[in-house]
Student: 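The structure under discussion is supplied below as structure tokens; questions concerning it will follow.
Atom set for the values below is all heavy atoms of this structure, side chains included, hydrogens, waters and symmetry mates excluded.
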There are 2 protein chains.
Amino acid sequence: MSNHEPSRTRRRRGSAHPTLKDVAEAAGVSSITASRALNTPERVNEETRKRVLQAVDRVGYVPNLIAGSLASASSRFIAVIVPSLANTVFIEVIKGLQDTFESRGYQILLGNTDYDLQREQQLVRTFLGWSCSALVTAGLRHSEGCRTLLSNWDKPIMEVMELGKAQDLNVGLDHEEAGRCMARHLLERGYRSIVYVGACMDRDYRAGMRFAGHCQVLEGAGLEAPLIELDQLGSLAAGAAGLDRVREAFPSARAIHFANDDLATGALLHAQRLGLRVPVDMAIAGFNGLPLGQHVTPRLTTIQSPRETMGRLAAEEILRRLDGKRVTRRQQDVGFQLLGGQST
Amino acid sequence: MSNHEPSRTRRRRGSAHPTLKDVAEAAGVSSITASRALNTPERVNEETRKRVLQAVDRVGYVPNLIAGSLASASSRFIAVIVPSLANTVFIEVIKGLQDTFESRGYQILLGNTDYDLQREQQLVRTFLGWSCSALVTAGLRHSEGCRTLLSNWDKPIMEVMELGKAQDLNVGLDHEEAGRCMARHLLERGYRSIVYVGACMDRDYRAGMRFAGHCQVLEGAGLEAPLIELDQLGSLAAGAAGLDRVREAFPSARAIHFANDDLATGALLHAQRLGLRVPVDMAIAGFNGLPLGQHVTPRLTTIQSPRETMGRLAAEEILRRLDGKRVTRRQQDVGFQLLGGQST
DNA sequence: TAGAACTATGTTAGCGCTAACATGGTAGCG
DNA sequence: CGCTACCATGTTAGCGCTAACATAGTTCTA
């Protein structure tokens, strides 16, 4: 009764749920009017609109967004691809994106590459298949195939985190400069025997960029720039291990420049357990400006990166494009800030 | 040439991209065969399948998943609704879900309620509109309207985090019992003057459940169970403030049971800055078992909750249902574990 | 007051894909 | 050898919605 008559003999997966047609019948209008009442209310008489909205409630209509997307060839999905969910940094960027997009009625499709470019390419394919309105991806490094897929795509593409030669839009910061900045700070504080501790820099290549900046400055000062590379991306435990390895490999080291705050804080807490005085016996510096590092004693010297802001700015720039406005800035440098703590 | 003839006079949003029909023509088969070659390869002759796959590459076909979902009335989307992205706890649950679902070809649709039940209801509506294959939501508390929407829905519904009277499936732990467990531990260690520090327990009602358990034990022992409630959910800074407030309001307090590890660790680090000895002058306990608390000195006494496991188990149970298997367990208790540290 | 301009609603034709049914060919069986 | 069974492929008819065009009524303009 409440359901459509099956067409003669052929059965069809009838989805039981009320459709726009049911709403239209209940309101005594055509389905296109019901559609307009919901999507472009200003194009419908107020009286009619009210009748339609009542009908929606009465029949318990939930719009089929898939059908709508197919018909209109656009989905209000924003694809977001990050290399990891285990890293607070990406979570905060996602948060900035999500807050901005969700309030404008866009839905985020989250993809996690686990630092695998092939996986990224596969995700991009899938997301293109969902007719996303835009795509945000962390970083500028992609596989060949991924690049091809993206360059044949006609919607906004936003690459966040670092700055460089982007496909389309780009919001990020200069990691090499950040590395230089911290290295300069350490030199200014009088340290000469400085070790960089990275972690999986083939995957976390932004840490590699910071290391490159670090090296430039140290070499410019005529100093060695020794490196210890850990096999865990960023954790307190790995940081503790890093401190041990530095002390073993470079007994004369007086300062450690860590690739991120997790490592640095882990080392700092470990130093306390060992009875090492920070920074007297060993100076420790990080990168990211996580709350964690700002609550330990001594407070961690680090570089604050505006992650949530980065997500927000990226989202706003995309929204401008989606609203048909001309691009204001294809590339935006969100900058960073040295947080001088007591650990150096 | 590469495009469809527009139908007489009527123009149509022609999406430029190659469609399955183009692939089929290039491979010299009908489009349903091309569809089968991609989706149910075992139902197509190997030779034909190869021709189709070559054609896919040749024309640069990207499947339109929206059209596919509409036709098949199912989308391989899993809706996941959490109250916050700022809280590591939910991120880890999401990670467990994502790892399990992504490997099976499902895409997560992430929604963030900001602890607002109306917002949750709106998200549920939207997600139902996307014909999700299943819905996962954090917690058992929902608005009336949300409950109605869910009960009229015919796909798996999974409620995670706490245990109780669920709509459908339920994976979580007993927060009241966790609260009792920690309270008992504190009593066993000899503490008698114990303050609970919560934060926004109207929103983080699971912390309220733990507080309830805490109260039961203390009252059972004939003790008072004073409460300090903070207005920030969980941060190191709020924990530090919490310690100050306890010392001011309850100078005789000898132990603090914090609602979570962020607060507890913040208090612990703050205690060190103040020169308070933990646990001699003040014992501190938390909840969650975050790595953070396990790397400070003294190591934090807390309760380990298996968050990623919770996500994984939830996903696996849903997948069983989606694979048509009979429900094994509608409700699963993932349990928890007291991590005795040196802070009590 | 004719006709342009605008408003409110309706009709038609798909969006790109797949479920359901149909068809022809090849084994398999007693 | 006529039968069923199965395999590989094709034809048809939508899934539920909205863009494009159409139509009738109303207001504005010169």
Side-chain angles (χ1 to χ4, degrees), chain A residues 3-25 27-52 59 61-76 128-131, chain B residues 3-25 27-52 59 61-76 128-131:
Chain A
N3 228 326
H4 337 272
E5 192 79 77
S7 69
R8 199 70 38 76
T9 111
R10 187 168 287 212
R11 246 171 319 130
R12 187 68 172 170
R13 60 266 166 169
S15 64
H17 306 295
T19 71
L20 194 58
K21 207 176 137 201
D22 299 320
V23 173
E25 277 165 17
V29 296
S30 70
S31 37
I32 190 71
T33 301
S35 168
R36 284 198 273 250
L38 296 175
N39 298 319
T40 50
E42 72 282 1
R43 301 175 61 96
V44 167
N45 182 287
E46 194 180 324
E47 161 65 31
T48 315
R49 178 164 68 245
K50 230 178 272 177
R51 284 216 317 282
V52 170
V59 306
Y61 173 67
V62 176
N64 184 329
L65 299 173
I66 293 185
S69 299
L70 179 60
S72 65
S74 85
S75 74
R76 294 189 86 79
L128 297 194
W130 284 117
S131 301
Chain B
N3 229 329
H4 337 273
E5 191 79 76
S7 70
R8 196 75 34 80
T9 113
R10 190 167 287 211
R11 247 171 316 130
R12 187 68 172 169
R13 58 267 166 173
S15 65
H17 305 294
T19 72
L20 195 58
K21 209 176 135 201
D22 299 321
V23 173
E25 277 165 16
V29 296
S30 69
S31 37
I32 190 71
T33 301
S35 169
R36 282 197 274 253
L38 295 175
N39 299 318
T40 51
E42 73 281 3
R43 301 175 60 99
V44 167
N45 181 287
E46 194 181 323
E47 160 67 29
T48 314
R49 177 163 69 246
K50 229 177 276 175
R51 282 218 317 281
V52 171
V59 305
Y61 173 67
V62 176
N64 183 329
L65 300 173
I66 293 185
S69 299
L70 179 61
S72 65
S74 85
S75 74
R76 294 188 88 78
L128 297 194
W130 285 115
S131 301

Student: Using whole Å, report how far NE2 of B:His17 lies from C1' of C:dC17.
Tutor: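 Result: 16 Å.
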Student: Between B:Trp130 (CH2) and D:dC15 (C1'), how many Å, whole number?
Tutor: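 Going from CH2 in B:Trp130 over to C1' in D:dC15 covers 15 Å.
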Student: Looking only at non-hydrogen atoms, find the nearest pair between B:Leu38 and B:Tyr61 and report the distance.
Tutor: CD1-CE2, 3.7 Å
Student: Output the rounded distance in Å from NZ (A:Lys21) to P (C:dT11).
Tutor: 13 Å
Student: Does A:Ser69 form a side chain to side chain contact (heavy atoms under 4.5 Å, CB included) with B:Trp130? I'd like the steps, not just the answer.
Tutor: CA-CA 10 Å; A:Ser69 299; B:Trp130 285 115; 3.3 Å; yes
Student: Taking the side chain of A:Ser35 as heavy atoms from C-beta outward, which of C:dT9, D:dT18, D:dG14 is closest to it?
Tutor: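 Nucleotide nearest to A:Ser35's side chain: D:dT18.
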Student: Nearest-Å distance, CZ (A:Arg36) to C1' (C:dT11)?
Tutor: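 That distance rounds to 11 Å.
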Student: Mind listing the closest non-hydrogen atom pair of A:Ser131 and A:Ser75 along with its distance?
Tutor: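 Heavy atoms only, the tightest pair is O-OG, 2.8 Å.
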Student: Expressed as a whole number of angstroms, how long is the span from A:Arg49:CZ to C:dT9:P?
Tutor: 10 Å
Student: Atom CD1 of A:Ile66 and atom P of D:dC17: how far apart are they, to the nearest Å?
Tutor: 11 Å
Student: Base, sugar-phosphate, or nothing: which does A:Ser69 touch, judged by heavy atoms less than 4.0 Å apart?
Tutor: nothing
Student: For D:dG10, take OP1 and OP2 only and decide whether either is under 4.0 Å from a side-chain N or O of B:Ser30.
Tutor: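 It does, given that an N or O in the side chain of B:Ser30 lies less than 4.0 Å from OP1 or OP2 of D:dG10.
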Student: With respect to the phosphate group of C:dG10, does any side-chain polar atom (N or O) of A:Thr33 fall under 4.0 Å of OP1 or OP2?
Tutor: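 Yes, A:Thr33 has a side-chain N/O under 4.0 Å of OP1/OP2 on C:dG10.
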Student: Of A:Val44 and B:Leu20, whose nearest nucleotide on DNA chain C comes first from the 5' end?
Tutor: A:Val44
Student: With a cut-off of 3.5 Å and sequence neighbours excluded, list every side-chain donor-acceptor pair involving residues 41-49 of chain B.
Tutor:
{"unit_1": "B:Asn45", "atom_1": "OD1", "unit_2": "B:Glu47", "atom_2": "N", "d": "2.8"}
{"unit_1": "B:Arg49", "atom_1": "NH1", "unit_2": "B:Pro41", "atom_2": "O", "d": "2.7"}
{"unit_1": "B:Arg49", "atom_1": "NH1", "unit_2": "B:Val44", "atom_2": "O", "d": "3.2"}

Student: What is the bend of the helix from C:dT1-D:dA30 to C:dA27-D:dT4 when you compare the axis at one end with the axis at the other, using five pairs each and rounding to 10°?
Tutor: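 Both end axes considered, the difference amounts to 30°.
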Student: Compare every heavy atom of A:Ser31 with every heavy atom of A:Leu20, then report the nearest pair and how far apart it is.
Tutor: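 In this case the closest contact between A:Leu20 and A:Ser31 is CD2-O, 3.6 Å.
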Student: Which whole-number value in Å describes the distance from A:Ile32 CD1 to D:dA19 P?
Tutor: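 Nearest whole value for this atom pair: 7 Å.
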Student: Ignoring backbone atoms, test whether B:Thr48 places a side-chain nitrogen or oxygen under 4.0 Å from the OP1 or OP2 oxygen of D:dT9.
Tutor: yes
Student: Measuring from atom OG of B:Ser74 to atom CD1 of A:Ile66, what distance do you get when rounded to the nearest 0.5 angstrom?
Tutor: 8.0 Å
Student: Going by side-chain contact (heavy atoms from CB on, under 4.5 Å), name the residues that satisfy it together with B:Val62, two or more places apart in sequence or in a different chain.
Tutor: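 Applying side-chain contact (heavy atoms from CB on, under 4.5 Å) to B:Val62 gives A:Leu128, A:Leu149.
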Student: Within the structure, does a side-chain N or O atom of A:Asn39 lie under 4.0 Å from either OP1 or OP2 of D:dT18?
Tutor: yes
Student: Rounded to whole Å, please give me the gap between CD in A:Glu25 and C1' in D:dC17.
Tutor: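 About 15 Å, once rounded to whole Å.
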Student: Given C:dC15, D:dC17, C:dT18, which nucleotide is nearest the side-chain atoms of A:Asn64?
Tutor: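 The answer is D:dC17, which lies nearest to the side chain.
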Student: Would you mind telling me which residue lines up with the more 5' stretch of DNA chain D, B:Gly28 or B:Ala67, judged by nearest nucleotide?
Tutor: B:Gly28
